[in-house]
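Working notes for the structure below.
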Amino acid sequence: MSTLNVNPEWSKLLHEAVTQPGTVSKAYSMFHGYSLGNQLLAMAQCHERGLQPGPIGTFMHWKETGRFVRKGEKALTLCMPITGKRTAEKHNDDTGQDETVEVGFTRFVYKNHWFVLSQTDGAEYTPQSLPDWNESKALESLGVAKVPFENMDGRVQGYARNREVAISLLAEQPEATLFHELAHVVLGHTAEGKLNSDSGERTPRDIRELEAECVALLCCESLGLPGADLSRGYIQSWYKGNEVPERSARRIFHAADAILKAGRVSEEIAR
Ligand SMILES: [Zn+2]
């Protein structure tokens with residue numbers, strides 16, 4: 001099996017996902033066991049190659065379900081994280097010496113190991129049901145508390161502080177607002193807020209809002225909850241004259257995955 005050197009641009013996948021209604025919900029319904037980025041990668045490859053989108057699995061996965069990959073079928077490429085440790089030189093301020101330290105890293109590699117249902121034959125396929133998403137489970141797993149809303153400004157729908165979120169009872173789209181505020185926490189925006197703003201470490205406000213709104217859209221659309229259209233309007237106005245930075249696109253996918261996974265009720269194998 002080969003490792004490909006393709007490097008998909010996450011910002012491009014994100015652009016498609018947030019501007020084309022239905023892209024995310026379709027990808028989620030087919031490939032919900034995979035990360036959002038991989039769901040979109042799989043969908044794009046199915047379109048490109050004229051394959052009927054459907055559940056995906058490795059050669060061995062299909063074999064275990066009594067199906068087999070048809071001869072000559074070409075595998076789909078997905079992205080896999082590889083974690084490891086490497087050594088680095090680090091200056092120790094206390095001793096004034098350079099020291100060798102071990103640092104963890106995550107690298108992403110692209111592997112072509114996956115086949116879509118329509119590339120296989122054999123025993124009848126039993127579709128997996130979509131996992132449920134539960135708010136209290138998500139809050140607990142993420143270590144976030146939902147606190148009473150205390151803001152007199154009628155235009156404010158919700159807010160996030162440290163590891164707390166508050167949603168107005170008058171919020172137009174309470175689910176979308178919850179995802180938006182959770183995103184601020186998961187993306188580290190609320191933790192950054194405590195840092196000295198002169199440190200230059202802080203994400204600019206407009207990027208913070210864009211990131212949170214994209215996460216809200218990805219979560220709402222994945223779970224079929226209302227609110228995606230409102231987010232889409234906001235994000236589309238951002239695209240008039242701006243691009244979403246690649247770094248933000250990655251962070252957005254990562255945060256949406258974390259929130260979706262945290263609230264997942266049925267046990268699923270993390271892939
Ligand atoms: Zn916000």
Side-chain angles (χ1 to χ4, degrees), residues 10-11 14-15 17-19 21 24 36-37 133 135-136 138-263:
W10 299 107
S11 48
L14 180 75
H15 183 262
V18 295
T19 55
V24 177
L36 278 167
W133 192 88
E135 180 183 311
S136 0
L139 290 167
E140 199 193 318
S141 321
L142 294 169
V144 177
K146 196 173 173 188
V147 297
F149 183 82
E150 290 165 347
N151 188 307
M152 291 297 150
D153 184 342
R155 292 163 302 176
V156 177
Q157 313 260 314
Y159 52 84
R161 219 167 24 201
N162 303 328
R163 296 202 75 83
E164 288 178 351
V165 292
I167 311 301
S168 167
L169 292 172
L170 305 172
E172 265 177 84
Q173 305 283 0
E175 290 101 346
T177 305
L178 174 72
F179 291 134
H180 177 107
E181 302 308 337
L182 275 177
H184 278 312
V185 178
V186 173
L187 286 159
H189 297 160
T190 53
E192 281 179 7
K194 285 182 293 186
L195 296 173
N196 181 348
S197 53
D198 296 335
S199 68
E201 297 272 335
R202 217 169 161 187
T203 316
R205 186 187 157 86
D206 56 341
I207 296 276
R208 293 204 304 268
E209 291 313 314
L210 172 80
E211 288 180 348
E213 206 55 32
C214 286
V215 171
L217 185 150
L218 293 176
C219 291
C220 283
E221 231 199 78
S222 293
L223 300 173
L225 294 168
D229 291 341
L230 219 73
S231 303
R232 186 168 288 112
Y234 177 91
I235 296 162
Q236 261 162 347
S237 64
W238 165 272
Y239 274 117
K240 288 187 190 125
N242 299 288
E243 287 294 319
V244 174
E246 187 65 13
R247 177 176 180 270
S248 281
R250 276 172 204 257
R251 283 165 47 75
I252 289 162
F253 281 129
H254 194 76
D257 276 329
I259 293 171
L260 289 170
K261 205 172 153 200

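Order of listing sets the numbers, starting from 1, for every ligand and every atom in it.
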Exercise for the section: Give a yes/no answer: is there an N/O/S atom of H184 under 2.8 Å from the Zn ion (ligand 1)? Expected result: yes
Problem - Between H15 and E243: side-chain donor-acceptor atoms closer than 3.5 Å - result: no
Practice task
Examine distances only and state if a side-chain atom of N162 and a backbone atom of E164 form a donor-acceptor pair shorter than 3.5 Å.
Solution key: no
Exercise for the section: On the 0 to 90° scale, with breaks at 30° and 60°, tag the F149-Y159 ring pair as parallel, tilted or perpendicular. Expected result: tilted
Problem - N/O/S atom of E213 inside 2.8 Å of the Zn ion (ligand 1), strictly under - result: no
Exercise for the section: Verify the distance criterion only: is there a donor paired with an acceptor across the side chains of H180 and Q157 at less than 3.5 Å? Expected result: no
Completion exercise
Atom name of the N, O or S atom of E209 nearest to the Zn ion (ligand 1) is OE1
